[in-house]
Amino acid sequence: MTVQTMPMAKALNAALRQAMLDDPKVLLMGEDIGRLGGVFRITEGLLDEFGEQRVFDSPLAESGIVGTAIGLAMRGYRPVVEIQFDGFVFPAFDQITTQLARINLRHDGKVNMPVVIRIPYGGHIGSIEHHQESPEAYFAHTPGLRVVSPSNPHDAYWMMLEAIRSNDPIIFLEPKSRYWPKGPVDFARNDIDLHATRIMREGSDVTVVGHGAMVSTLLAAADIAAGEGKSVEVIDLRSLSPINYAPILESVEKTGRLVVAQEAYGSVSVGSEIAATVTERAFYTLNAPPIRVSAFDTPYPPASLEADYLPSPDRILEAVDRALAY
Amino acid sequence: MTVQTMPMAKALNAALRQAMLDDPKVLLMGEDIGRLGGVFRITEGLLDEFGEQRVFDSPLAESGIVGTAIGLAMRGYRPVVEIQFDGFVFPAFDQITTQLARINLRHDGKVNMPVVIRIPYGGHIGSIEHHQESPEAYFAHTPGLRVVSPSNPHDAYWMMLEAIRSNDPIIFLEPKSRYWPKGPVDFARNDIDLHATRIMREGSDVTVVGHGAMVSTLLAAADIAAGEGKSVEVIDLRSLSPINYAPILESVEKTGRLVVAQEAYGSVSVGSEIAATVTERAFYTLNAPPIRVSAFDTPYPPASLEADYLPSPDRILEAVDRALAY
Amino acid sequence: MVQLLDPEGRLTSGADAERYGHYISALDDHTLERFWRDMVVARTFDRSAANLQRQGQLALWIPSQGQEAAQVGSAHATRPQDHIFPSYREHIVGMIRGLDPVKILALLRGVTLGGWTAEETNRFHQYTLVLASQTLHATGYAMGMQLDGTTATGNPESDEALIVYFGDGASSQGDASEALVFASSYQTPQVFFIQNNQWAISVPVARQSRVPLAQRGFGFGMPGTRIDGNDVLASYAVTRDALESARAGSGPALIEALTYRLGAHTTADDPTKYRPAGELEFWESRDPLIRTRAFLESRGASAAFFDDVDGEAADIAADARKRSLELTAPDRSVMFRHVYAEAHPDMVAQEAWLAGYEASFAEDAS
Amino acid sequence: MVQLLDPEGRLTSGADAERYGHYISALDDHTLERFWRDMVVARTFDRSAANLQRQGQLALWIPSQGQEAAQVGSAHATRPQDHIFPSYREHIVGMIRGLDPVKILALLRGVTLGGWTAEETNRFHQYTLVLASQTLHATGYAMGMQLDGTTATGNPESDEALIVYFGDGASSQGDASEALVFASSYQTPQVFFIQNNQWAISVPVARQSRVPLAQRGFGFGMPGTRIDGNDVLASYAVTRDALESARAGSGPALIEALTYRLGAHTTADDPTKYRPAGELEFWESRDPLIRTRAFLESRGASAAFFDDVDGEAADIAADARKRSLELTAPDRSVMFRHVYAEAHPDMVAQEAWLAGYEASFAEDAS
Ligand SMILES: Cc1ncc(C[n+]2csc(CCOP(=O)(O)OP(=O)(O)O)c2C)c(N)n1
Ligand SMILES: Cc1ncc(C[n+]2csc(CCOP(=O)(O)OP(=O)(O)O)c2C)c(N)n1
Ligand SMILES: [Mg+2]
Ligand SMILES: [Mg+2]
């Protein structure tokens, strides 16, 4: 039986384990990923199985972690780096954007950077500042990086395997609020490319797109909408850079209406990009302007306000109704 | 005679000098800003005039420069920081985005962060890597920061004075390719708010917007277009965060067509934001989708290719024609 | 390693006692009893806050058990005009400066993002959660003291200095080293106080450094001293000495307090996963409260005194607990109000949008 | 400060000579003459490249005059299997490893963004323009040597080590300190080579550190040695010694080479704005070429030898100059081709768009 039901956290752990079995050059590094197995336990058991040569705790310095991962990649290794929380990736921002993202280009493709940077991201966990952020826009704006985020255990498993096999640096955003809900994982069959968007639910009135944890919110909204007689098509972006537009454009061709949802700040965001590009490419088929549903353009608030801050099914439905009102 | 003709570099120098005369709390700090007067000579003469207590060279560490500027601001000072080149702001990215941008909020407005971060930015100077970048999207996406960029000497003078007077942290992007062309500066009268967009040239067929060095490219394109019988309205954004949309929407109301130009990468950019927002707010008045003209989504190329990389008047005109073709 | 009070609570002799003893002999009984009282308050408040978290009343708690001597001694070494830049574990330091402990609970209850200003707390600044970033803020602040001319005038009663706290793990961050560079370069009046509690979550200090962190400043031109961080007298005297020389204009100094985190990193952590067997027991035998109590007893403190302190500490913890339970989510508007100091159109528009959106449900309901 | 050759070109005696002398006595005339030859090549190439820039043939030139001894000595201290991570001023180090100088000119002419790979240059990696970021790449690379088991096996003929170059200014960057943390923590086989040329553009080294940078590693658990950076023998011997112990598994070390930048920071810089009077003259009298030549003459090198070297250096510079003038802008497609290692739809689309856009002008023209 190749299909098993498990939480995303375990699917990611299984993918890391498989990748290390497949390729002895794969290394895991980061803060507390060894003995502790990471604060979210994604690397649990891997130190014992693969030893300190391949799974090692780093000194507490994100720039140092990414900078040394770059050196290891130059040497032929394939480091998979864990950044402990979304809000702590910024000390490594220089190494990621001015070095990791460009070394392949500087070497005319002769020195690749097969580095995966895993970042547990997003809100809904009621934590303190810097522990619930959605930094995808910073990376999606940066040439030389690929940015992906799974919404379910099956994708998490296969996307991680593909990301580690890729010869490009990949920002792998793990929706931490989805670590524990269970879902099926087919370990035998991968049905879709790392950078492909996926239709999660068919519909005819409005197209809604999102990624990571937002996808479950969109599906919940679509259910409610169905009860109100509105048919919502839900698309999981999966990849934020590059973005696979064809399925989105096809869907909009059908619905004429688009809602883009994200936990990130709305201004200068991936949502802005999708709205602008779909407008450019599907101007005549749009019956309404693409509508964005985002967090507000404010830092993540105290946890007691997060329900007001983050897009909820109701906020999605409000946008769907606005789109339908045109 | 209160109007003088001078290059932007001198207007900025005059503004810094005036701000220091106006307020003893204003300090200048950064690399090589003292004896040398900065690699672009923007702070020339200020060390001699104001002394080492108010104009000091920092150790060579951008995170340290911004981090200590934060501490000085907590103490009641108003530091104006120079980042030597656009490509070297990233080591300070953590201090700027997780600290500088949020300290006012964490203190419920009781501890302000009146810090100006000056960044010479943009291309057209034929230099080497990291010396010609346009990082505005990273900052415009970040709540808590204000982001502005002047296109001419008069605005440079007054915007710098206003930025230093503001109690919010401001990323002040100086278009280095416009440092030396001369223009009038009225030292007696400031005609417009720091965050207001400005109509640079009236037109009726297409609205083109841009900021910084791009504005002169847009004006050149508008001239050529006029010769071809196309009337192009040119708008200087001046502020990238917040963006003053009213004049843009009014203009689009009139022209029905919008072209957004920038030297930055196009994906997930300020241009994406403007295209998405104008579509959302002016859907029915648009006769064509907003069209973006940007650098390619690739790192700044070797200088010998920069003419192909950066939006030129011809690239603007191509977009104008595309907009008109709808 | 400077130790003035041995694990049995006896005053030590020797060079360190020679050098620092006068700071201790200058302390009256009342002050020494105050040290004890604050250590007990810290321990008691910590236990009660951890319970609050277990009962789901806090998102998280950050225990400080085991580090009371390092924190209480160094806090009392500051003068009223001094500033303190904490990390996130120095609860008792704040309380000693007058911080209402409920404000710490509010932060961890998800009710605020900061909760206090240095003005309200006799110069105890906010916690900073991005490791080591506060070391640079402190250095910049100390540069401001120099520019203001409020330090190194020769008057210790008014000359300012500051202390910044960080951990053994945070010492590896580039920001911590850059702060040493700037502080040495500008000769700021500040003390870098590293609480080496042996662990950065699950990572032992050996991963961060193979030599004592007290030496970290040497290569930056900064003197460093390692102290027994479980000795409240050493923490007081050595910090006092460093602050006095900083305020006198002799420049910055670094102190490494060798201590131990007896609890979990946070209530989300499970130390049994990484702690070697016996380590906890060893350090429990070195509990800073044990030696401090023994010392006071040897000086004749009465059982009644200890009982009174226990009672007072219990009251403080109970009161903070009670008031924290009354803390409710702030009004939605706080999300928008202070993102910027000056008027901002997007904040106005987004706050209005949210208000209208919420109102629409009210209407639906009615 | 280790000095084996004094400013007059006489071998020194004393403890340092005792400790390091054997590395020098092991060198034959041919090798010593090679040192001279490389220093002259560096000086000559540098002058010719600066002229190219003045004639508008380069965007910028980065002079190395005055630092030839530090660079040539340390470069010759490496073994063939060693890796070198330069900053951006180590032109002769690259040339010694076999880098075609035209590739350096191509980089500064705006024709490439990198221009070579370590594979093509006997392990001389690319320049890095973001200060100190290469120190972490080097440390990670050295960790890779350890994982590969190609170091510390006990065989100096094959065991690998590496050297990373950075400047006195770059030493202040957080990345440089983090590299010291990681290198010490993992005991990597590497040498941190700081060329302290007294200036970071216009900022004197005193702003970066009040103590010798050689000490910077102490607080990280790393030994450090200050050498006379204008003494090619000291640079060779001390670097050799550090590399040999690193490759033997004794861990990383730091070297501070005290030298001076006789030229401008770059051709865009004007040192007269910040250099104190007399400083340049003092260091010109300490020119590393003077003492090296005197030393070789004292060993009987003939006038003919020196003439031959001058001729050879002139030929190398002239040849590089000539070939650099033939360098033209690369095809537009290079902007898109290697941004990603794997196929990328946006790159394909944008390259196609640009081709079509350019073609449209051709049409218009026809
Ligand atoms: C820049 C950054 N990276 C990671 C974290 C997550 N984190 C919080 S505390 C901690 C360990 C800190 O250890 P140490 O500095 O020794 O202080 P301690 O918690 O032991 O008091 C880590 C990794 C963080 N807060 N900031
Ligand atoms: C992160 C970063 N900040 C600023 C610069 C601009 N810059 C280039 S070289 C230089 C001075 C470097 O001085 P030093 O490290 O002593 O090396 P040297 O140039 O003297 O060889 C500066 C400030 C840069 N390249 N990178
Ligand atoms: Mg610790
Ligand atoms: Mg230098």
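Letters A, B, ... are given to chains in the order of the sequence lines, protein chains preceding strands, and every chain is numbered from 1.
- The shortest side-chain heavy-atom distance between D:S172 and C:F182 does not fall under the 4.5 Å cut-off.
- Put simply, the side chain of D:Q215 does not reach to within 4.5 Å of the side chain of C:F218, judged on heavy atoms.
- The side-chain heavy atoms of D:V181 and C:R216, taken from C-beta on, include a pair separated by under 4.5 Å.
- Side-chain contact between C:D175 and D:E178 is absent, with no heavy atoms from C-beta onward closer than 4.5 Å.
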(message) Does C:R207 form a side-chain contact (heavy atoms from CB on, under 4.5 Å) with D:Y186? I'd like the steps, not just the answer.
(response) CA-CA 8 Å; C:R207 171 53 80 209; D:Y186 296 107; 3.2 Å; yes
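- Comparing C:G221, C:S185, C:P212 by heavy-atom pairs within less than 4.5 Å of chain D, the highest count is held by C:S185.
- Contacts with chain C were tallied for D:A214, D:G174, D:A176; D:G174 has the most, counting heavy-atom pairs under 4.5 Å.
- For C:R210, the part lying near chain D is the side chain, with the backbone staying farther off; criterion is any non-hydrogen pair under 4.5 Å.
- For C:S209 against D:G219, the heavy-atom pair with the smallest separation is OG-O, 4.4 Å.
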